[in-house]
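Whatever order the structure lists them in is the order used to number ligands and atoms, beginning at 1.
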Amino acid sequence: MHQSIAPSISLATHLECSHCNKHYPLNTLQTYAHCCQKPLVAKYDFAQSLRPEDLAGRPATMWRYQEVLPILKDDHIVSLGEGMTPILNLKKLAQSYGLESLKMKDESLNPTGSFKARGLSMAISKAKEFGVKHCVIPTAGNAGGAMSAYCAAAGMQATVIMPKHTPRIFQDECRYFGAELILVDGLIDRCGALATKLEKETGAFNISTLKEPYRLEGKKTMGYELVEQLNWNLPDVILYPTGGGTGLLGIWKAFYEMMDLGWLDSSARLPRMIVVQAQNCAPIVDRLNGVDRSTKAYRESLANGLAVPTAFGEDMIMEVLYESGGTGIAISEEEMVAGVKEMAASEGVLVAPEGAALLKAIPKLKASQHISDTDSVLMINTGSGYKYLENLD
Ligand SMILES: *Cc1c(COP(=O)(O)O)cnc(C)c1O
C-alpha cells in the first residue's frame, strides 16, 4: 500500500530500527524492522520550534501534542477523547507508606477504561491513513476492547484474539463494539502466533504490541502529559506495571524528545523507571535477577495486562532500566487484591490489579533502597478496577 500524503503539522520524518538505526519510510504501512527483527521507532525533526506556550488552549486529549505525533492529516484522527488523564496526589497513602510525595496518573479514565486507548487511537488513526480495512490484534484483554472501539469508530473490521480464560467483561466489550472474537487456549503469546497466521491468510493488518510502530507513539503521550501536568518537573521515580512494556518505552522516549524540543533541560535527572510485574509472569524481573527462564512456566494473572511471557521490546526495556538506574520487582496475586481494596478504601480510587501492584511494590522497594522517603514517586495506574471486580474475591 503506497500512498503519498500531503505534508502536515506533524514533524515526523521517518522510522528507525531500534537495533541498527536503519531508516524506514513513513509513507508506507510498516510493521517492525525486518533487518533485525526488532521494533521500529518513529523519529521527528525537532529543529522546528514548538514551545510549551503553543499548547495553551489546545484540546485536553493526547492530540494536543500533534506536531510530535505521526498522523499526517487531521481527517485521519480517530479519537474518543483519550489522554490528559488526571494526576492524583495520594496524601493518605503517602503518609502510611512513609513517602513525602506519592502521586498517581489515573489512566482508568480513558475510553474503554485503560491506557490501551492511547496506543490504539494512534494505531487505528495511522491504519486509517493508509486505507486499512481490517485489523487483527492479540490481546490479554484491554487492548482488544480498545482496538474494537476505535475500529468501530473508524468503520473498520476488527478481529480480536484473546486467551480463553480472560474474564467475560473483556470479551463482551469486544462483541459490543462489533469485533470478531477468537478465544485461544494459553497466554497472549499463543494469541500472537494466531494473529501472525491470520495476517498472512486474510491480509488483516496486525496491531500486535511493538510489531506495529504507532501504539508506542500513542503511549508516549503519557510522558508529555505528566511533565506538563507536573509543571515541567520530573518525579524521582516512576512505577510502571509492565507487560509488553510499550508504556514504559513510550514515557522514556517522550523525555528524550522533550529534551530535543528544549522543554526539559538536557542535563535534567530523568526518573528511575521501575518495572512491576506479577509473580505468576515476571520475565523481565527474572532476567534482571539472572533466573534461567527456559525452565519457567509463566501463568495467567488477575492482572491480565501483565501476563506477557515474552515481550518483543524486551531489549529496549532492559536498556531503559539500566540507563535510568531503575529495577524490577514482582508482586503476588494476593498482594494485588489487597492493594485494590486498600486504594479504594483509603483514596476513593478503584484501580486495576496492575495499578494496585505498584502500591504493593513500594515497601519492598524501600527495603531494598531503590526508593527513599524523600523521593517523589509517580505510579501509572493503567486501568480501571471496574472491569476486574467480579474476579477480585
Ligand atoms: C496492557 C496493560 C498493561 C501492560 O502494558 P504495557 O505497556 O504493554 O507493558 C498494564 N496494565 C493494564 C491494565 C494493561 O491493560
Side-chain angles (χ1 to χ4, degrees), residues 39 82 85 104-120 122-123 137-147 149 160 162-163 166-167 169-170 173-174 187-189 191-192 207-212 215-223 238-254 273-278 281-285 300-314 316-318 320-321 328 331 336 339-340 350-359 361 379-389 391-392:
E82 53 293 321
T85 56
M104 180 178 87
K105 185 155 176 66
D106 193 5
E107 291 291 300
S108 73
L109 294 164
N110 277 303
T112 68
S114 89
F115 75 149
K116 290 294 193 304
R118 294 179 188 265
L120 273 311
M122 192 65 64
I137 194 167
T139 176
N142 276 318
M147 192 194 82
V160 175
M162 198 183 276
T166 311
I169 184 165
F170 293 94
E173 70 175 332
C174 297
L187 297 177
I188 192 171
D189 46 344
C191 303
I207 315 264
S208 180
T209 300
L210 292 172
K211 291 193 175 163
E212 176 286 338
R215 284 173 69 179
L216 178 65
E217 294 306 290
K219 281 195 174 172
K220 92 178 174 192
T221 56
M222 287 190 288
I238 292 180
L239 301 181
Y240 187 81
T242 307
T246 340
L248 181 100
L249 298 174
I251 290 171
W252 196 247
K253 185 175 193 273
M273 304 296 288
I274 297 185
V275 156
V276 179
Q277 296 199 295
C281 187
I284 308 283
V285 177
E300 62 194 80
S301 169
L302 264 178
N304 47 31
L306 306 186
V308 181
T310 24
F312 189 59
E314 184 176 294
M316 297 166 78
I317 299 170
M318 296 305 290
V320 172
L321 295 186
I331 300 300
M336 287 187 230
V340 171
L350 194 46
V351 303
E354 288 86 340
L358 305 178
L359 182 73
M379 303 190 284
I380 311 290
N381 172 45
T382 44
S384 166
Y386 289 89
K387 283 187 177 178
Y388 300 75
L389 274 188
N391 302 288
L392 285 184

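Taking a cutoff of 4.0 Å between a charged side-chain nitrogen and a carboxylate oxygen, Glu107 and Lys116 do not qualify as a salt bridge.
Put simply, the side chain of Thr139 does not reach to within 4.5 Å of the side chain of Met147, judged on heavy atoms. In this structure the side chain of Asn304 reaches within 4.5 angstrom of the side chain of Tyr388, judged on heavy atoms.
With ligand atoms numbered from 1 in the order given, ligand 1 contributes 5 (O), 6 (P), 7 (O), 9 (O) to contacts under 4.0 Å with heavy atoms of Tyr240. Here is the list of ligand 1 atoms found below 4.0 Å of a heavy atom in Glu354: 10 (C), 11 (N), 12 (C), 13 (C). Set against the non-hydrogen atoms of Gly247, the atoms of ligand 1 under 4.0 Å away are 7 (O). Numbered from 1 in the order shown, with element, the atoms of ligand 1 that lie under 4.0 Å from a heavy atom of Thr246 read 6 (P), 7 (O), 8 (O), 9 (O).
Under the 3.5 Å distance criterion, the side-chain polar atoms of Glu354 are matched with a main-chain donor or acceptor of Gly305. Proximity of a side-chain donor or acceptor of Lys387 to a complementary backbone N or O of Thr112 within less than 3.5 Å is detected.
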Would Met162 and Cys174 count as a side chain to side chain contact (heavy atoms under 4.5 Å, CB included) if you check the C-alpha gap in whole Å, the side-chain angles of each, and the deciding distance to 0.1 Å?
CA-CA 10 Å; Met162 198 183 276; Cys174 297; 3.8 Å; yes
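Within the 4.0 Å heavy-atom shell around ligand 1 one does not find Ala143. Residue contacts with ligand 1: Lys219 is included, with a non-hydrogen atom under 4.0 Å away.
In this structure, atom 5 (O) of ligand 1 lies nearest to the protein heavy atom Phe115 CZ, 3.2 Å.
Between Gly305 and ligand 1, no N or O atom pair is found at a separation short of 3.5 Å. In terms of polar-atom proximity, Gly243 is counted as a contact of ligand 1, with an N or O under 3.5 Å from an N or O of the ligand. The shortest N/O to N/O separation between Gly244 and ligand 1 falls below 3.5 Å. Remark: ligand 1 and Thr242 share no N or O pair separated by less than 3.5 Å (distance only, no angle test). At a 3.5 angstrom cut-off on N or O pairs, Thr382 counts as close to ligand 1.
A donor atom on one side chain and an acceptor atom on the other are found under 3.5 Å apart for Arg118 and Thr221. Counting only N and O atoms by type, the side chains of Thr242 and Gln277 include no donor and acceptor under 3.5 Å apart.
For atom 2 (C) of ligand 1, the nearest non-hydrogen atom from the set Glu107, Arg215, Arg118, Lys116 belongs to Lys116.
Residue Tyr388 touches ligand 1 through its side chain alone, judged by heavy-atom distances below 4.0 Å.
Using a 30° and 60° split on the angle between ring planes, Phe115 and Tyr240 fall in the tilted class, from 30° to 60°.
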